[in-house]
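Working notes, structure below.
Start at 1 and go down the list; that is how both ligands and their atoms are numbered. The structure displayed is predicted, hence computed values, not measured ones.
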Amino acid sequence: MSASSFPLVLPKVQDTALETTKYENLLRALRNRRLNVARLDHTPLDITVDMCTACHLRCPYCATGSGVLDRKAQVLGLDEHRRILDFCGEQLFTIWYFSNGEPLLNKRLHQIVADAKRYGIFTVISTSLSVPLSATRIDEILYSGLDLISCSIDGPDAATYNRYRIGGDFNLVQSNLERLIARKRELGLQYPLIEWRYLVFRHNQDLQAETRHLAHAKGVDILELFQGSAPAQAPEGAVAAMTGGLLSPAISGPAVEAGLRRRDTLLRRYLPELSINPGEPGPGLLGRKCDWLYFGSMFYPDGSVGPCCVLGNSDTDFGQRGPGMDYRALWNNPKYLDARASFPTPPPNPRSICAHCPAPQVQDWFFRQSLRAYLLNAPEWFIQAVLAEPDQLFYPVDLYLMPDEFMALKRYQQAKPSVRQAGEPG
Ligand code: SF4
């Protein structure tokens, strides 16, 4: 899941006490990020946790599949996961349970997810689905409270699929997909949403329409077409980058259509409309800060913590939980302080890996969809707090990247004369 459907499908936090805790934390996070505070008095709100650091497929441009990743193969245990929840569970909106491995290889996945659901957290896995699943396992997954299963299937037939998903079993994947959808319907469950994710490369770019037809016929909730990362000049026979465009719209399906019509939260009722793709970041807007350092963090099964999912190897970790070092201390340790101090003033702090970020284009971008979703679901007190001091909470780039949400805020303010008038985010 690339998160572009996230603002459409994320539900409001149901428990009022947890909602208050999460939004109070978000308010502190926005203020700390806007003021470039290095030592934070908030905790992460949206984290990535590797359910497993191994995978049995050999996808050529994946660090794990290609054998580039130096990390030991491990599965996340219940105790380590509970320590993460002890640190920030009440404040978290979302956990993405995947980065460097196949989540279904963790047999405790359903128990881990069930633990997170007690904190009102939206939970997501991304899987190849190329793992044998018994009827019992399917029920465990469906009953766990998992909110979204994103299934990576880059072709409508086995030959196309296996060009990239080397070692994957297309027939097994299709069978699992059909069984998950059928059982979910039988149980009358709304969640998990089931997404078919199709990475588009040169070899499969002409099959997008056929795949869309097949995916919708099978009854998936979301189909996402996403540009696969590959060299433009790949050697003969290797997977190469696409040359055409993505079929429009890039995300489709009943959950997307329902999401576009949603008016079930206060700010959504003030939306003129909700676009799928917000404004793209332009030159000069990037590199001012990194939202990963304020909103998220990357947790590994052995207690290691990295700043983001862009970096994968253990030598880029910011620390490891252990005796005398808990997750709360790691969140403000010297490496984090150095990294946050790397922005926004050049020259960046050369001691930090973030000063040499391998993917600076994500810095203003990665959390944008999450932020949109949290704003759209916000309670009224939070919206009023935002309107009271927008320039203390947002950068101009936020206004540019979230035009629908800021338009809705403006319309709400105009309709509520009691709300103090405030200027545009500065
Ligand atoms: S600046 Fe780059 S390396 Fe550092 S946390 Fe952000 S994305 Fe990761």
Side-chain angles (χ1 to χ4, degrees), residues 1-4 6 26 29-30 32-40 42-50 53 61-64 68-71 84 87-88 92-96 98-100 126 226-227 229 280-300 303-321 327-371 394-395 397-398 401:
M1 188 191 190
S2 78
S4 50
F6 195 60
L26 174 58
L30 286 169
N32 286 335
R33 161 187 179 262
R34 179 65 182 89
L35 302 177
N36 285 110
V37 174
R39 185 177 294 280
L40 305 181
H42 74 272
T43 56
L45 42 115
D46 185 325
I47 61 173
T48 302
V49 179
D50 241 341
T53 48
Y61 302 128
C62 164
T64 306
V68 169
L69 197 76
D70 73 345
R71 216 169 273 282
I84 298 170
F87 163 49
C88 57
L92 283 176
F93 287 96
T94 314
I95 301 182
W96 312 85
F98 57 93
S99 184
N100 296 293
S126 174
F226 194 75
Q227 182 171 0
S229 175
E280 295 288 331
L285 295 174
L286 302 172
R288 296 171 52 98
K289 63 186 180 301
C290 181
D291 286 350
W292 267 104
L293 301 171
Y294 289 88
F295 296 158
S297 200
M298 175 73 226
F299 294 84
Y300 295 97
S304 300
V305 172
C308 61
C309 71
V310 173
L311 306 170
N313 274 334
S314 55
D315 61 349
T316 60
D317 287 347
F318 274 17
Q320 185 172 21
R321 188 205 58 75
Y327 286 122
R328 190 166 299 278
L330 278 170
W331 179 235
N332 277 315
N333 76 358
K335 285 202 172 175
Y336 258 117
L337 298 185
D338 260 3
R340 293 184 191 120
S342 297
F343 302 95
T345 314
N349 183 342
R351 282 181 307 193
S352 173
I353 183 80
C354 294
H356 317 282
C357 178
Q361 71 279 10
V362 306
Q363 291 173 6
D364 275 332
W365 185 246
F366 195 86
F367 282 93
R368 199 61 42 195
Q369 304 293 357
S370 302
L371 211 44
F394 291 103
Y395 285 94
V397 68
D398 296 321
L401 292 171

Next item on the list: Check ligand 1 against Cys308 and write out every atom of the ligand that is under 4.0 Å from a heavy-atom position of the residue.
Entry: 3 (S), 5 (S), 7 (S), 8 (Fe)
Note to self: Closer than 4.0 Å to some heavy atom of Leu311 - which atoms of ligand 1 meet that?
What the structure shows: 3 (S)
Checklist line | Presence of N, O or S from Cys290 under 2.8 Å of atom 8 (Fe) of ligand 1 | finding: no
Next item on the list: May I ask you to check whether Tyr327 and Phe299 place their ring centers less than 6.0 Å from one another?
Entry: yes
Next item on the list: Pull out every atom of ligand 1 sitting under 4.0 Å from any heavy atom of Cys357, numbered as shown with elements.
Entry: 1 (S), 2 (Fe), 3 (S), 7 (S)
Notebook entry, point to check: If you measure from each heavy atom of Ile353 to ligand 1, is any distance below 4.0 Å?
Noted result: no
Item checked: Axial cation check for Tyr395 ring with Arg34, 6.0 Å and 45° limits -> yes
Notebook entry, point to check: Distance only, no hydrogens: is a donor on one side chain within 3.5 Å (strictly under) of an acceptor on the other, for Tyr300 and Ser314?
Noted result: no
Next item on the list: Give the numbers and elements of all ligand 1 atoms closer than 4.0 Å to a heavy atom of Pro307.
Entry: 5 (S)
Notebook entry, point to check: Taking the inter-plane angle between the rings of Phe6 and Trp96 on a 0 to 90° scale, is it parallel (under 30°), tilted (30 to 60°) or perpendicular (over 60°)?
Noted result: tilted
Checklist line | Under the salt bridge (charged side-chain N to carboxylate O under 4.0 Å, His left out) test, residues paired with Asp398 that sit two or more places apart | finding: Arg33, Arg368
